[in-house]
Amino acid sequence: MSRSPARVFAALNAVRPPDEASPVLGKAVVVGGSVAGLLAARVLSDHAESVVVIDRDDLHATGVRPGVPQGTQLHALLPGGLHQLELLFPGFRAQAVARGAVEAPPAARRNYLDGRLKVVVPDDDDSLAGSRPLLEGLIRQRVLALPNVKTVTARATGLVIDGAVTTGVRCETGGGPGVERGDLVVDAMGRSSRLSEWLEQAGWERPVTRRMPVHLNYATAVFRRTGTDPDPAVVLALHSPGSAVDVAGAAYFAVEDGRWMAMMAGYGADRPGRTAEDFVRRLCEQFPPEFGEVAGNEMLGDVRTYGHADSRRREFHALTRLPAGLVAVGDAVASFNPVYGQGMTAAALHAACLSVYLRSGADLDAPARRFFALQKVVVDAAWSMSTSADLALPHVDGPYPRGYRFSRWVSRQIVAATVTDVAIARRFNEVVSMREHPRSLATPGVILGALRANRRAR
């Protein structure tokens, strides 16, 4: 790839759907109705005569999908992801707000680091707070309303590969086994994707899987909102690795139906919030006062817990042998520590990669190397942000990349400066929200600015 990763990343953030559909293939098959799969289907609708989405769940049903066990947990839609959704689905923000999602401009958000309130960046992009079922449900509704997209409720069981070209997906429905043929197959089966096994079983190369054990435990509870609750719609409070507090962080969002959704996270043996009493006590005692105000309201339902063993990435870009007509998106390629809220935004950028690939004169009779090269830029960016932070956790023991000590020192300086310096916080937020590449932080100007800000703060 001739352009730098930062330039490629910026270009992907600016990708817009074509003004008119321009089919380059007859039929596309998407395996998995996840957010990543739905966004891939949206892009494919501009480039395929028909798109079929296969999922074990009935995608026309509402509420939390059985195939999303973490669907009841707090999810963040980063400003970069909201930007992408608005491009793919014009009017998405307004439609989500009409259904109860809460807009959160900079003044309605608070961020704490080790109990210190960070500065507000007044010209930051707005956030959108809503539950995963609301946001995913709206995406699903918009995609399934497209005239050339249909769904099949089935369990995918394998690939059909003719010669060196993927030509379909084997699946099991209520009526028995069958095959869904297509000119392009997209794996969107999530972390538990079986594509690696299917490739190996068919005599192809299996991608290397890299893992970063994090052993995250998190819990989410829902509270009723009242007229006397705190003003901020979105509040995040993090504790630095190695701090005396055994909770890594907490957050709460205002969501639809007059509710607060609050989350706490811990690592290793720390499992905060397994009971309602423990959840409320910790929010009140270990976090800023507004957390206690939210926790003082009526809890609606039970505390829901979830465990995340590791971050992982499957390196499809490095395969030397790969059948044509096959790509993978979303958590099927890379899933990250959910504390950083990268999942939906990364999936949207994967969809942008697919759009660029299909518009670049893609040869569907050849392996999709151009697509995986583009996607690698997105995965590398998200992976470097999340794993560099995870490597600082006391219970994580490498592998440490070359130069980690220095890069970690620089990262600590920049993060500390975001508490007091608006300019550093602005640049940091652009990177964290996946609007800019992480390399934009590794410049002499940013580093020197962070050092000066920290001296002033001391």
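Just so you know, these numbers come straight off a predicted model, no measurement behind them. Because only heavy atoms are used, hydrogens play no part in the values below, and waters and symmetry mates are left out as well, while side chains stay in.
The shortest heavy-atom contact between Val303 and Gly273 is CG1-O, 2.9 Å. Scanning both residues, Ala219 and Pro272, for their nearest heavy atoms gives CB-O, 3.7 Å. The nearest pair of heavy atoms linking Thr320 to Arg369 is O-NH2, 3.0 Å. Among all heavy-atom pairs drawn from Val149 and Ser45, the shortest one is CG2-CB, 4.1 Å.
Here CG of Leu374 is found 10.5 Å from OH of Tyr357. Values are rounded to the nearest 0.5 Å. Considering CZ of Phe92 and CG of Leu82, their distance stands at 7.5 Å, rounded to 0.5 Å. Atoms CG and CE, from Leu349 and Met434 in turn, are 5.0 Å apart once rounded to the nearest 0.5 Å. Interatomic distance, CZ of Arg313 versus CZ of Phe336, reported as 7.5 Å (0.5 Å rounding).
Judged by distance alone, the side chains of Ser335 and Arg191 do bring a donor and an acceptor atom under 3.5 Å apart. Between the side chains of Lys118 and Thr418, at least one donor N or O lies within less than 3.5 Å of an accepting N or O. Residues Arg271 and Asn217 have side chains that bring a donor and an acceptor to within less than 3.5 angstrom of each other. Donor-acceptor pairing under 3.5 Å is recorded for the side chains of Thr151 and His60. Side-chain polar atoms of Asp58 and Thr153 form no donor-acceptor pair below 3.5 angstrom. Side chains of Thr167 and Arg181: a donor on one and an acceptor on the other come within 3.5 Å. Remark: the Thr345 side chain and the Gln84 side chain contain no N/O donor-acceptor pair separated by less than 3.5 Å. For Gln73 and Thr220, the side-chain atoms include at least one donor-acceptor pair closer than 3.5 Å.
Counting only distance, with no hydrogens or angles, the side chain of Asp363 and the backbone of Asp365 share a donor-acceptor pair below 3.5 Å. In terms of modelled atom types and a separation under 3.5 Å, the side chain of Arg194 and the main chain of Ala156 share a donor-acceptor contact. Side chain of Thr166 to backbone of Ala324: a donor-acceptor contact under 3.5 angstrom is found. The backbone N or O of Asn337 lies less than 3.5 Å from a partner atom in the side chain of Ser311, making a donor-acceptor pair. A donor-acceptor contact shorter than 3.5 Å links the side chain of Arg42 to the backbone of Leu88. Of the possible donor and acceptor atoms, one in the side chain of Asp187 sits under 3.5 Å from a partner among the backbone N and O of Met189. Distance alone, capped at 3.5 Å, is enough to place a donor-acceptor pair between the Asp55 side chain and the Gly33 backbone. One N or O on the side chain of Arg170 and one on the backbone of Leu159 form a donor-acceptor pair closer than 3.5 Å. When atom types are taken as modelled, the side chain of Ser411 and the backbone of Ser407 share no donor-acceptor pair closer than 3.5 angstrom. Of the possible polar contacts, none joining the Glu256 side chain to the Gly130 backbone as a donor-acceptor pair under 3.5 Å is found.
Ser131 places none of its side-chain heavy atoms less than 4.5 Å from the side chain of His75. Side-chain contact between Val29 and Val152 is absent, with no heavy-atom pair separated by less than 4.5 Å. For the pair Val333/Gln375, a side-chain contact is recorded, criterion being any heavy-atom separation below 4.5 Å from C-beta on. Val169 is not listed as a side-chain neighbour of Val179, based on a closest heavy-atom distance of 4.5 Å or more. The shortest side-chain heavy-atom distance between Asp125 and Ser433 does not fall under the 4.5 Å cut-off. Considering only heavy atoms from C-beta on, Val378 comes within 4.5 Å of His350 through its side chain. When side chains are defined from C-beta on, Tyr267 counts as touching Asp390, because their heavy atoms get closer than 4.5 Å. Between Leu38 and Ser34 there is no side-chain heavy-atom pair separated by less than 4.5 Å.
Heavy atoms of other residues, nucleotides or ligands lying less than 6.0 angstrom from CG of Asp19 number 12 at most. Other residues, nucleotides and ligands contribute at most 12 non-hydrogen atoms within 6.0 Å of the CZ atom of Arg402. Atom CZ of Arg56 has 12 or fewer heavy atoms from other residues, nucleotides or ligands within 6.0 Å. With a 6.0 Å radius and a threshold of 12 heavy atoms from other residues, nucleotides or ligands, Asp57 has its CG atom above the threshold. Within a 6.0 Å radius of CZ in Arg274, no more than 12 heavy atoms belonging to other residues, nucleotides or ligands are found. Around CZ of Arg93, the count of heavy atoms belonging to other residues, nucleotides or ligands within 6.0 Å exceeds 12.
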- Could you walk me through whether Arg109 and Asp124 pass the salt bridge (Lys or Arg N to Asp or Glu O under 4.0 Å) test, one step at a time? CA-CA 10 Å; Arg109 304 195 299 265; Asp124 252 358; 3.5 Å; yes
- Item | Test log, rule salt bridge (Lys or Arg N to Asp or Glu O under 4.0 Å), inputs Arg426 and Glu430 | CA-CA 6 Å; Arg426 179 184 296 108; Glu430 284 290 299; over 6 Å; no
- Query: Taking it one step at a time, do Leu441 and Arg427 satisfy side chain to side chain contact (heavy atoms under 4.5 Å, CB included)?
  - Reply: CA-CA 7 Å; Leu441 288 176; Arg427 180 65 64 86; 3.5 Å; yes
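Of the charged side-chain nitrogens involved, at least one lies within less than 4.0 Å of a carboxylate oxygen, so that Glu315 and Arg210 count as a salt-bridged pair. No salt bridge links Asp257 with Arg225; every basic N to acidic carboxylate O contact stays at or beyond 4.0 Å. Electrostatic pairing of Lys27 and Glu180 counts as a salt bridge here, judged by a charged N lying under 4.0 Å from a carboxylate O. Ion pairing between Glu200 and Arg206 holds under the 4.0 Å rule for side-chain N and carboxylate O.
The only option from Ile424, Val410, Val431 that meets the side-chain contact (heavy atoms from CB on, under 4.5 Å) definition with Val446 turns out to be Ile424. Put simply, the residue from Phe223, Trp260, Tyr112, Phe279 that forms a ring-ring contact (aromatic ring centres under 6.0 Å, His included) with Tyr252 is Trp260.
For His317 and Phe372, the distance between ring centers is not under 6.0 angstrom.
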